[in-house]
> 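Can you keep this structure in mind? I'll have questions shortly.
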Amino acid sequence: LIIIGSGPAGMQLAYRALKDGISVRMYERSSHPGGLLIDGIPAHKFDKKYIQTDFAALHDMGLKLWTEREIAFDANQGAFYELNSGEIIAHRDCPQHYIALCTGAGKPQELDPAVLEQAGDLSSSRIVHAIQFLKAANELARALQARVDYTNAEREALIQSYLGTMDPRNKKIVVIGGGDTAQDIIRWLCRYLNQEDNVLSQLEVLVRGPAIHHREIWDGYPAPSLAPTTENKMK
């Protein structure tokens, strides 16, 4: 079994196949396995050590995992291959190759082309997909949590290296959508913007349907939430 993508679907397939004695190869284009579990869910909402534990168990069961390997398909050859090296990893017509495409959840949904056309230059430089920001914010959180003795200059350099133009400080932020991913974005922004030197920032949320009940998020970035809500007490 060849699994392309290492998110929850790929992990479950790998577990079931390995349990049944089937060899499994998994390919992930990111530097860390786990898909949206590692890149999308905020670090303060889900401890990523559990992902490491799960993949350690899958490794012990026989999983062969490659990260930073983006896979493409050549219709002429009927082959799946690694995009950078050109290495063929599976053939469509080989009876011994079963390919599971566990991708797509991390692919952002585009805005209507008419909206992007009206936005002009905004569409390329200032419209940010949620998963793009969440991935960068999670990587930044991992880097910040690796040490506790960063100087202000080192911390600022880390923020710039991971967020770059997505740095939300002193900006007006507009979140389009009100689902679970939007709430994750809002929590990141509230933690990140709720600093003494960031009081000029503004946050707007645009959703279709009833207005969202406003609730302050009091804690600092990227510490675990201190807000006394049911969702933040969930394990």
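In what follows, every heavy atom counts, from backbone to side chain, and hydrogens, waters and symmetry copies are set aside.
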> With heavy-atom distances below 4.5 Å as the criterion, would you say the side chains of Lys171 and Arg126 are in contact?
no
> I need the Arg16 CZ to Leu1 CG distance, nearest 0.5 Å.
14.0 Å
> How close do Gly40 and Asp184 get, heavy atom to heavy atom, and via which atoms?
O-OD2, 4.4 Å
> Kindly write out the residues that satisfy side chain to side chain contact (heavy atoms under 4.5 Å, CB included) with Leu13, not counting sequence neighbours, or none if the list is empty.
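Listed in chain order: Ile3, Ala100, Cys102.
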> Nearest 0.5 Å, what's the CG-CZ distance between Asn84 and Arg29?
12.5 Å
> Write out all pairs satisfying ring-ring contact (aromatic ring centres under 6.0 Å, His included) with one or both partners inside residues 131-162, taking only residues at least two apart or from two chains.
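Checked against ring-ring contact (aromatic ring centres under 6.0 Å, His included) - neighbours excluded - no pair reaches residues 131-162.
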> Which atoms form the tightest heavy-atom contact between Gly34 and Ser6, and what is the distance?
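Shortest heavy-atom separation between Gly34 and Ser6 comes out as N-OG, 2.9 Å.
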> Let me see the working for His97 and Arg25 under side-chain contact (heavy atoms from CB on, under 4.5 Å), right down to the final yes or no.
CA-CA 10 Å; His97 290 170; Arg25 288 184 280 143; 4.1 Å; yes
> Can you name the residues that form a salt bridge (charged side-chain N to carboxylate O under 4.0 Å, His left out) with Asp60, not counting sequence neighbours?
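Expected list: none.
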> Between Ile159 and Ile185, is there shared hydrophobic-cluster membership here, with clusters defined by ILVMFWY side-chain heavy atoms closer than 4.5 Å?
yes
> Does Trp188 reach the side chain of Asn138, with side-chain heavy atoms less than 4.5 Å apart?
yes
> Is Ile88 reachable from Met26 through a run of hydrophobic residues whose side-chain heavy atoms are each under 4.5 Å from the next?
no
> Return the CG to NE2 distance between Leu18 and His59, rounded to the nearest 0.5 Å.
11.0 Å
> What are the two closest non-hydrogen atoms of Ala137 and Leu163, and how far apart are they?
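Residues Ala137 and Leu163, closest heavy atoms: N-CD2, 4.2 Å.
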> With rounding to the nearest 0.5 angstrom, report the CD1 to NE2 distance, Ile51 to His32.
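One finds 12.0 Å between CD1 of Ile51 and NE2 of His32.
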> Quick check on the hydrophobic clustering: are Tyr50 and Leu36 connected, directly or via other members, by side-chain heavy-atom contacts under 4.5 Å?
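As far as the 4.5 Å side-chain criterion goes, Leu36 and Tyr50 are not connected within one cluster.
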> Is Ile186 linked to Leu140 within one hydrophobic cluster, defined over Ile, Leu, Val, Met, Phe, Trp and Tyr using a side-chain heavy-atom separation of less than 4.5 Å?
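Hydrophobic grouping puts Ile186 with Leu140.
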> Tell me every residue that passes salt bridge (charged side-chain N to carboxylate O under 4.0 Å, His left out) with Asp39, counting only those two or more places apart in sequence or in another chain.
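With neighbours one apart ignored, the set is Lys135.
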> Determine the minimum heavy-atom distance between Ala130 and Thr181, stating which atoms define it.
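Distance-wise, the nearest heavy atoms are CB-CG2, 3.6 Å.
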> Could you pull out the closest heavy-atom pair between Leu189 and Pro168, with the gap in Å?
CD2-CB, 3.7 Å
> Report the distance from atom OG1 of Thr67 to atom CG of Leu65, rounding to the nearest 0.5 Å.
6.0 Å
> Can you run down the salt bridge (charged side-chain N to carboxylate O under 4.0 Å, His left out) pairs that involve residues 157-168, sequence neighbours left out, and say none if there aren't any?
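Listed once each, the pairs are Asp167-Arg169.
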> Are Lys19 and Met61 side-chain neighbours, meaning at least one heavy-atom pair lies under 4.5 Å?
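Contact flag for Lys19/Met61 side chains = yes.
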> What's the separation between atom CE in Met166 and atom CG in Leu134, rounded to the nearest 0.5 Å?
9.5 Å
> Kindly state each residue pair satisfying salt bridge (charged side-chain N to carboxylate O under 4.0 Å, His left out) with at least one member in residues 79-95, sequence neighbours excluded.
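Residue pairs with at least one partner in residues 79-95: Arg69-Glu87.
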> Under 4.5 Å between side-chain heavy atoms, chaining through other members, with only Ile, Leu, Val, Met, Phe, Trp and Tyr counted: pull out the rest of the cluster around Tyr27, sorted by chain and number.
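Members alongside Tyr27: Ile2, Ile4, Trp66, Ile71, Phe73, Phe80, Ile89, Ile99, Leu101.
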> Could you walk me through whether Gln183 and Val175 pass the side-chain contact (heavy atoms from CB on, under 4.5 Å) test, one step at a time?
CA-CA 9 Å; Gln183 295 301 312; Val175 179; over 6 Å; no
> Partners of Tyr81 by ring-ring contact (aromatic ring centres under 6.0 Å, His included), sequence neighbours excluded?
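Scan of Tyr81 (ring-ring contact (aromatic ring centres under 6.0 Å, His included), adjacent residues dropped) gives none.
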> Restricting to side chain to side chain contact (heavy atoms under 4.5 Å, CB included), what partner residues turn up for Glu68, sequence neighbours left out?
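Applying side chain to side chain contact (heavy atoms under 4.5 Å, CB included) to Glu68 gives Ser31.
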> Take Glu156 and Gln160 through the test side-chain contact (heavy atoms from CB on, under 4.5 Å) and record every step on the way to the result.
CA-CA 6 Å; Glu156 184 65 27; Gln160 291 303 316; 3.3 Å; yes
> Using the side chain to side chain donor-acceptor pair (under 3.5 Å) criterion, which residues pair with Asp74? Sequence neighbours excluded.
Gln77
> Between His91 and Ala79, is there a donor-acceptor pair closer than 3.5 Å when you use the side chain of the first and the backbone of the second?
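No, because the side chain of His91 does not come within donor-acceptor range (under 3.5 Å) of the backbone of Ala79.
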> Looking at residues at least two apart in the chain, or sitting in another chain, which of them share a side chain to side chain contact (heavy atoms under 4.5 Å, CB included) with Asp54?
Met11
> Applying salt bridge (charged side-chain N to carboxylate O under 4.0 Å, His left out), which residue pairs with at least one partner in residues 144-153 are found, sequence neighbours left out?
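Every salt bridge (charged side-chain N to carboxylate O under 4.0 Å, His left out) pair that includes a residue of residues 144-153, provided the two are not neighbours, is Arg147-Asp149, Arg147-Glu154.
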